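As a basis for the values below, the full set of heavy atoms in this structure was taken, side chains included, without hydrogen atoms, waters or symmetry mates. These figures come from a predicted structure and were not determined experimentally.
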Amino acid sequence: MSRTTLSTRARWLWGIGAALAVSAVVGGALVFQPWLLFIDVRVDDEIPAAVATATPEPTPAASASVEPAEQITPAPPAGPVDLLTGSFISHEHTTSGSVRVIENPDGTRQLALVGLETSNGPDVHVWLSAGPVVEGTDGWFTAAGYEHIDLGPIKGNIGDQLYDIPADVDLTVFRTVVLWCVPFSVSFGAAALS
């Protein structure tokens with residue numbers, strides 16, 4: 001019976017090949033983080049309810065004089081006001097939920113993601129983008145070509161969440177909310193604000 005043995009060189013090559021294969025699998029797992037697809041992170045930030053904007057009531061003239069009526073300035077709202085709203089569409093991953101830009105009585109603004117449902121992923125951020133919302137696979141990469149404001153990493157892939165909007169952000173320019181996966185430069189979902 002003949003016995004085949006590997007030469008020392010062949011054993012070294014097999015050992016190096018196995019080490020490279022293990023390194024590639026570990027490196028790929030660290031980059032792609034496939035386990036995140038099976039983990040949901042639920043967030044339940046308290047989203048403020050919007051109040052109706054106060055409208056001034058006309059006041060009858062106290063006397064029949066010829067003087068012009070006093071200017072009536074509306075009182076500031078008693079609570080948060082919705083400035084803009086929208087709904088998510090899916091891009092690379094199935095995404096649903098709604099978005100609200102809320103102005104608080106103190107003038108600060110927040111972005112609310114309400115009822116968000118999407119996939120978990122590596123390093124997904126919430127962006128306000130100057131780009132349009134484009135449906136289908138063409139929209140997956142659209143936001144990368146436009147100016148954006150990064151509001152930070154997504155807090156979770158399910159639930160209600162709030163993000164502070166810097167005071168200097170011009171909401172007439174940044175009219176799109178994008179859930180952007182940084183390592184893969186792809187949108188999970190986007191919502192147009194109106």
Measuring only between side-chain heavy atoms, which start at C-beta, is [X] closer than 4.5 Å to [Y]?
X: Leu151; Y: Pro166; value: yes
X: Ile89; Y: Ser96; value: no
X: Asp82; Y: Ile102; value: yes
X: Thr95; Y: Leu116; value: yes

Worksheet entry | Where at least one partner belongs to residues 113-133, residue pairs that pass ring pair (Phe, Tyr, Trp, His ring centres under 6.0 Å), sequence neighbours excluded | Trp127-His148, Trp127-Trp180

Fill in: Shortest non-hydrogen contact between Pro183 and Pro122, atoms and distance
CD-O, 3.4 Å

Worksheet entry | Closest contact, heavy atoms only, Tyr163 versus Leu113 | CE1-CD1, 3.7 Å

Worksheet entry | Intermediate values then yes/no, side chain to side chain contact (heavy atoms under 4.5 Å, CB included), Arg100 and Ile47 | CA-CA 10 Å; Arg100 294 171 43 209; Ile47 307 291; 3.2 Å; yes

Side chain [X], main chain [Y], donor-acceptor under 3.5 Å:
X: Arg109; Y: Ala167; answer: yes
X: Asp106; Y: Thr108; answer: yes
X: Lys155; Y: Asp160; answer: no

Quick check: is [Y] connected to [X] through a chain of hydrophobic side chains (ILVMFWY, heavy atoms under 4.5 Å apart)?
X: Phe174; Y: Leu84; result: yes
X: Ile158; Y: Phe88; result: no
X: Val99; Y: Leu83; result: yes
X: Val101; Y: Val173; result: yes
X: Ile154; Y: Val133; result: no

Hey, could you give me the [atom1]/[atom2] distance between [X] and [Y], rounded to the nearest 0.5 Å?
X: Leu162; Y: Leu111; atom1: CG; atom2: CG; result: 8.0 Å
X: Thr118; Y: Asp40; atom1: OG1; atom2: CG; result: 10.0 Å
X: Thr142; Y: Glu135; atom1: OG1; atom2: CD; result: 11.5 Å
X: Leu128; Y: Leu171; atom1: CG; atom2: CG; result: 7.0 Å

Worksheet item: Does the pair Asp45 and Gln161 meet the rule for a side-chain hydrogen bond (donor to acceptor under 3.5 Å, both in side chains), with working shown?
Response: CA-CA 5 Å; Asp45 286 349; Gln161 14 197 316; over 6 Å; no

Item to complete: Evaluate the ring pair (Phe, Tyr, Trp, His ring centres under 6.0 Å) criterion for residues His93 and Phe188: first the C-alpha distance (whole Å), next the side-chain angles of each, then the deciding distance (0.1 Å), finally the verdict.
Response: CA-CA 5 Å; His93 293 266; Phe188 276 32; 4.1 Å; yes

Item to complete: Report the C-alpha separation of Thr176 and Ser129 in whole Å, then their side-chain angles, then the decisive distance to 0.1 Å, and conclude whether the side-chain hydrogen bond (donor to acceptor under 3.5 Å, both in side chains) test is met.
Response: CA-CA 5 Å; Thr176 301; Ser129 172; 5.3 Å; no

